[in-house]
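Keep in mind the model is a prediction, meaning the values are calculated, not measured.
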Amino acid sequence: MQYCEKRAWLCLFRQAMLFIAGFMLIFGAAQAEAAGFAERAGSMSEIKAVRVSSSADKTRIVLDGTKETSYKVSILSNPQRIVVDIQNAWISPDLKKSTTIDSRFAKSVRIAQHDTSTVRVVVESSMGKNNYKVFPLKGGSTAYRIVMDFGNLGGSSSGAAIDFNPQPKPKDEDKGTASGSGTAGGTGEGTAIGGSTGGTGSGKETVTKGETVFTPGLKGKIIALDAGHGGSDVGAIGPTGVTEKGVTLRVATELQKRLVKEGATVLMTRSTDTEVSPKKAKASDIEELQARCDVGNDKNADIFISLHMDSFTNSSPSGTTGYYYVNGSKAGQRLAKELSEGIVSELGTGNRGIKSCNFYVVKHTTMPAALIEMAFISNDKEERLMNSDEGVKKAAEGLVNGLISFFG
């Protein structure tokens with residue numbers, strides 16, 4: 001009996017010792033792994049904060065890190081999400097992992113440790129490629145930041161206007177005028193317009209100093225209409241979510257109908273919600289803008305009109321502005337004047353006048369051209385107006401009247 005009890009006690013003792021030995025091995029491995037992670041973490045960027053701010057114009061997400069690092073941006077669908085994978089980084093234990101965003105530009109942001117050296121940031125947003133950007137910032141109180149912007153970028157329609165040689169802004173632009181958004185076409189001084197030398201076909205003729213005179217009326221004229229933005233480029237977005245690309249297409253379509261009734265030939269850069277370049281969403285800004293120029297250039301259009309909506313960081317600015325190429329023909333300047341005044345007379349928007357610019361298609365089309373910012377989509381009243389059937393029809397009527405005055 002005593003022998004059995006002694007043997008049982010030895011068995012229990014051995015089991016206990018094995019358990020303690022196993023625990024020590026696991027504990028030692030855990031300590032080694034923790035020490036290894038601590039050593040690796042010392043060379044990695046610690047993501048310590050996610051800060052979100054929103055305005056009427058955009059939503060900004062800022063990730064604060066302790067070291068400079070690289071990152072990759074990708075897009076997931078259904079629903080659309082913008083994903084930023086931050087390399088060689090780890091998440092601070094105290095960091096909030098998920099934030100709901102009360103903005104029409106983005107719905108939420110989530111952050112997680114994707115693997116041992118990658119932090120994944122996921123933003124649920126329906127913004128197209130020209131309405132979000134990701135970029136790094138160095139210095140200041142935070143060693144390294146990754147910034148994600150969503151919305152109306154650049155104070156106007158991001159990616160739509162490329163000004164290669166900015167001119168000094170007129171003083172009244174400091175009061176709220178955005179930089180302009182889109183493309184138009186003009187010609188250089190002394191250049192024959194469209195290569196035409198007579199009044200046949202389109203009804204225009206070249207005169208001295210490269211200026212152009214036209215036969216009266218709209219009949220027989222070839223008019224290129226560019227509905228600004230489209231497809232992945234939504235353009236500016238109004239307070240209630242109305243998009244610039246939608247307004248410009250509605251006005252261009254209505255204007256096309258009216259011009260055709262007057263006997264004009266109308267060349268539409270786009271008739272649906274799409275990009276103009278054959279590369280679609282994969283096109284660069286230059287490729288997309290040049291594709292719009294080509295619509296007018298290839299068919300020897302008489303004039304080129306690019307329709308847009310203006311935008312600013314607050315809702316105060318309002319009115320209509322016409323733009324023409326700074327080194328272009330007098331015809332382009334006059335076209336901008338007649339079209340903007342025509343819209344003002346019908347819509348009752350304030351007349352912000354006409355201004356010179358270096359927008360890409362103003363510079364790269366071969367005929368008189370104008371870019372018209374019909375109204376401010378960032379202004380509550382003008383957004384409602386331009387989103388209504390009445391506003392669309394009045395804008396088209398104003399443009400027709402402006403063209404009748406232009407052609408004399």
Side-chain angles (χ1 to χ4, degrees), residues 182-227 251-252 254-269 292-307 320-346 353-357 359 361-372 374 395-408:
T183 58
T187 60
E189 289 290 342
T191 303
I193 309 302
S196 175
T197 56
T200 59
S202 64
K204 64 183 178 183
E205 61 183 77
T206 302
V207 294
T208 59
K209 295 185 180 179
E211 293 302 330
T212 304
V213 292
F214 296 91
T215 57
L218 295 172
K219 187 174 182 179
K221 301 301 188 299
I222 302 175
I223 299 172
L225 291 184
D226 175 35
V251 174
E254 180 66 24
L255 179 56
Q256 177 191 29
K257 294 177 183 177
R258 293 172 183 247
L259 292 177
V260 169
K261 286 182 180 180
E262 296 289 337
T265 297
V266 179
L267 309 173
M268 299 282 282
T269 61
R292 293 171 187 261
C293 296
D294 292 343
V295 172
N297 292 344
D298 293 348
K299 299 293 185 180
N300 193 28
D302 291 309
I303 59 172
F304 187 103
I305 305 171
S306 190
L307 299 176
T320 302
T321 311
Y323 287 91
Y324 60 93
Y325 179 37
V326 64
N327 293 322
S329 66
K330 292 180 180 179
Q333 183 174 347
R334 188 165 59 86
L335 178 63
K337 177 178 180 296
E338 298 292 354
L339 291 176
S340 58
E341 289 182 352
I343 287 182
V344 169
S345 65
E346 289 295 323
I354 59 173
K355 300 173 184 179
S356 63
C357 68
F359 297 152
V361 299
V362 178
K363 199 170 185 176
H364 292 268
T365 43
T366 57
M367 68 288 298
L371 183 148
I372 305 299
M374 297 179 286
E397 182 66 22
L399 290 165
V400 170
N401 292 340
L403 286 172
I404 290 173
S405 297
F406 173 77
F407 287 118

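- Between I354 and S340 the shortest heavy-atom distance is CG2-OG, 3.8 Å.
- In terms of heavy-atom proximity, Y324 sits nearest to G332 at CB-O, 3.7 Å.
- Between F406 and L339 there is no side-chain heavy-atom pair separated by less than 4.5 Å.
- Taking both residues in full, the closest heavy atoms of I223 and L259 are given as CD1-CD1, 4.0 Å, listed atom of the first, atom of the second, then distance.
- The two residues I404 and L218 make their nearest non-hydrogen contact at CG1-CD1, 3.9 Å.
- Here the shortest heavy-atom pairing between A227 and A252 reads CB-CB, 3.9 Å.
- Taking the charged nitrogens against the carboxylate oxygens, R258 and E254 do have a contact shorter than 4.0 Å, which makes a salt bridge.
- For the atom pair N401 CG and I343 CD1, the distance stands at 10.5 Å (nearest 0.5 Å).
- For the pair T320 (side chain) and M374 (backbone), a donor-acceptor distance under 3.5 Å is present.
- We find the OG1-CD1 distance between T265 and I222 to be 5.5 Å, quoted to the nearest 0.5 Å.
- Summarising the geometry, atom CG belonging to L267 is positioned 8.0 Å from atom CG belonging to L225; distances are rounded to the nearest 0.5 Å.
- Within the model, atoms SG of C293 and NZ of K363 stand 12.0 Å from one another, a figure rounded to the nearest 0.5 Å.
- Taking the ring axis of F214 as reference, the NZ or CZ atom of K221 does not stay both within 45° of it and closer than 6.0 Å to the ring centre.
- Separation of atoms CZ (R292) and OG1 (T365) is listed at 13.0 Å; rounding is to 0.5 Å.
- Considering all non-hydrogen atoms of both residues, A301 and M367 come closest at O-CB, 3.5 Å.
- Taking the side chain as every heavy atom from C-beta outward, I303 and F407 approach each other to under 4.5 Å.
- Using a 4.5 Å heavy-atom threshold, the side chains of L403 and L335 count as touching.
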